[in-house]
Amino acid sequence: MPELPEVETVKRVLAPQLAGQSILSVTVCQPQIIAYPDAALFSELLTGQTIQSLSRRGKFLTLHMESGDRVVIHLRMTGQLLVTPPDYPLEKHTHLVAELPGGMQIRYIDVRRFGRFWLLKADEADTVTGQDKLGIEPLDDALTGEFLCARLGYRSKPIKEMLHDQTIVAGIGNIYSDEILFEAGIYPGEKCADLDADGWNRLAASIKKIISWGIEVNQLTADEYLAGKGKEYRNMPDLNAYGREGQACARCGSAMEKLIIGGRSSCYCPKCQRKKP
DNA sequence: CTAGCTTCCTGATAGC
DNA sequence: TGCTATCAGGAAGCTA
């Protein structure tokens, strides 16, 4: 489940491999992964183009072509984007293959097929991917306790659920929201309206700390990426909260508890992340 | 505008 | 052993 740090890793690993490469052909094996325009047009328009650079916004990855066209990719739950050497074995659930010079390929593998690709022309405004509705980046200086309070302070929803709202802060998913709330010492079910200024400040600081940490620990070489994490996002090291139900809290030793919030499982320490009375 | 629910999709795991 | 049920979850789409 790639979240912002993992998508950043994908970008950093693939950017040097893809910059300057021309796309010789594109084969889409699973048409539904092409959200726009359609699989046939996607392949046709992309063939012959040269990749200039890669960028990331929230959990979206963009391949910028020299023509100004761009391919926007969202990996959703299980999407894997790999640059493979010649004769690399074909994996199950490979939905897109793009041929590069020298037998190299770009491959998109996605067990659950939730991931999506969009191809936008140079002069085409982005109104189809949802990127235009994204909130600020977690590491943006604009993300402060005041900002969060202004955008969320009046809401009655649990803070955990609002951390997943991509239109407020872009890039946080279920793993990092658990880690962020643990770091901040905030009960995940806390209503936004019940947080005070200190809580919002701790939350803003924790978002920056945890997302930065996530990017840091995910630094990989191209070989490491291909061998493991490019295909296995669940292999997150040193998590303090996510998935640790019943285990001892890293801070106080209490048994971690699980709660379903907004349909998402949430692990927290009942002592360190105490619910307000 | 918000809230709440369903849908997409497969594989891992639990229970019988 | 083999079957069924449940869960994992990002985001869009739907109704109210």
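Every chain is numbered from 1, with letters handed out A, B, ... down the list of sequences.
Taking 4.0 angstrom as the limit, A:Lys133 places none of its side-chain polar atoms (N or O) nearer than this to OP1 or OP2 of C:dA12. Note on A:Ser265: a side-chain N or O is less than 4.0 Å away from OP1 or OP2 of C:dG9. Residue A:Arg112 places none of its side-chain N or O atoms closer than 4.0 Å to OP1 or OP2 of B:dC8. Side-chain nitrogen and oxygen atoms of A:Ser156 include none within less than 4.0 Å of the OP1 or OP2 phosphate oxygen of B:dT2. OP1 or OP2 of C:dA11 sits under 4.0 Å from a side-chain N or O of A:Gln166. At C:dA8, one or more side-chain N or O atoms of A:Lys258 fall inside 4.0 Å of OP1 or OP2 (strictly under the cut-off). An OP1 or OP2 oxygen of C:dG10 is reached within less than 4.0 angstrom by a side-chain nitrogen or oxygen of A:Arg264. For C:dG9, the OP1/OP2 oxygens have a side-chain nitrogen or oxygen of A:Tyr242 closer than 4.0 Å. Between A:Arg155 and B:dT2 there is a side-chain N or O to OP1 or OP2 distance below 4.0 Å.
Rounded to whole Å, the distance from CG on A:Leu239 to C1' on C:dA8 is 15 Å. The distance between atom CG of A:Asp165 and atom P of B:dG4, rounded to the nearest whole Å, is 14 Å. Regarding A:Arg113, its CZ atom lies at a distance of 17 Å from the C1' atom of C:dG9, rounded to whole Å. When rounded to the nearest whole Å, the span between CE of A:Met77 and P of C:dA12 equals 15 Å. One interatomic measurement links the two molecules: OH of A:Tyr176 to C1' of C:dG10, which rounds to 16 Å at whole-angstrom precision. In this structure, NE2 of A:His74 is placed 11 Å from C1' of C:dA12, rounded to the nearest angstrom. The NE2 atom of A:His93 sits 8 Å away from the C1' atom of B:dG11 (whole-angstrom rounding). Summarising the geometry, the separation between CZ on A:Arg76 and C1' on B:dT7 is reported as 12 Å, rounded to the nearest angstrom.
When atom types are taken as modelled, the side chain of A:Gln273 and the backbone of A:Tyr268 share no donor-acceptor pair closer than 3.5 angstrom. No donor-acceptor distance shorter than 3.5 angstrom exists from the side chain of A:Glu183 to the backbone of A:Ile210, with no hydrogens or angles considered. No donor-acceptor distance shorter than 3.5 angstrom exists from the side chain of A:Gln17 to the backbone of A:Ala222, with no hydrogens or angles considered.
No aromatic stack links A:Phe114 and the base of C:dA11, using centre distance under 5.5 Å and interplanar angle under 30°.
Using cut-offs of 30° and 60° on the angle between ring planes, the pair A:His95 and A:Tyr108 is tilted.
Nearest nucleotide to the side chain of A:Lys59, out of C:dA11, B:dG11, C:dG9: C:dA11.
Under the 4.0 Å criterion applied to side-chain N and carboxylate O atoms, A:Lys160 and A:Asp178 are assigned as salt-bridge partners.
Contacts of A:Tyr154 with the nucleic acid, taken as non-hydrogen atoms under 4.0 Å apart, involve only primed sugar atoms and P, OP1 or OP2.
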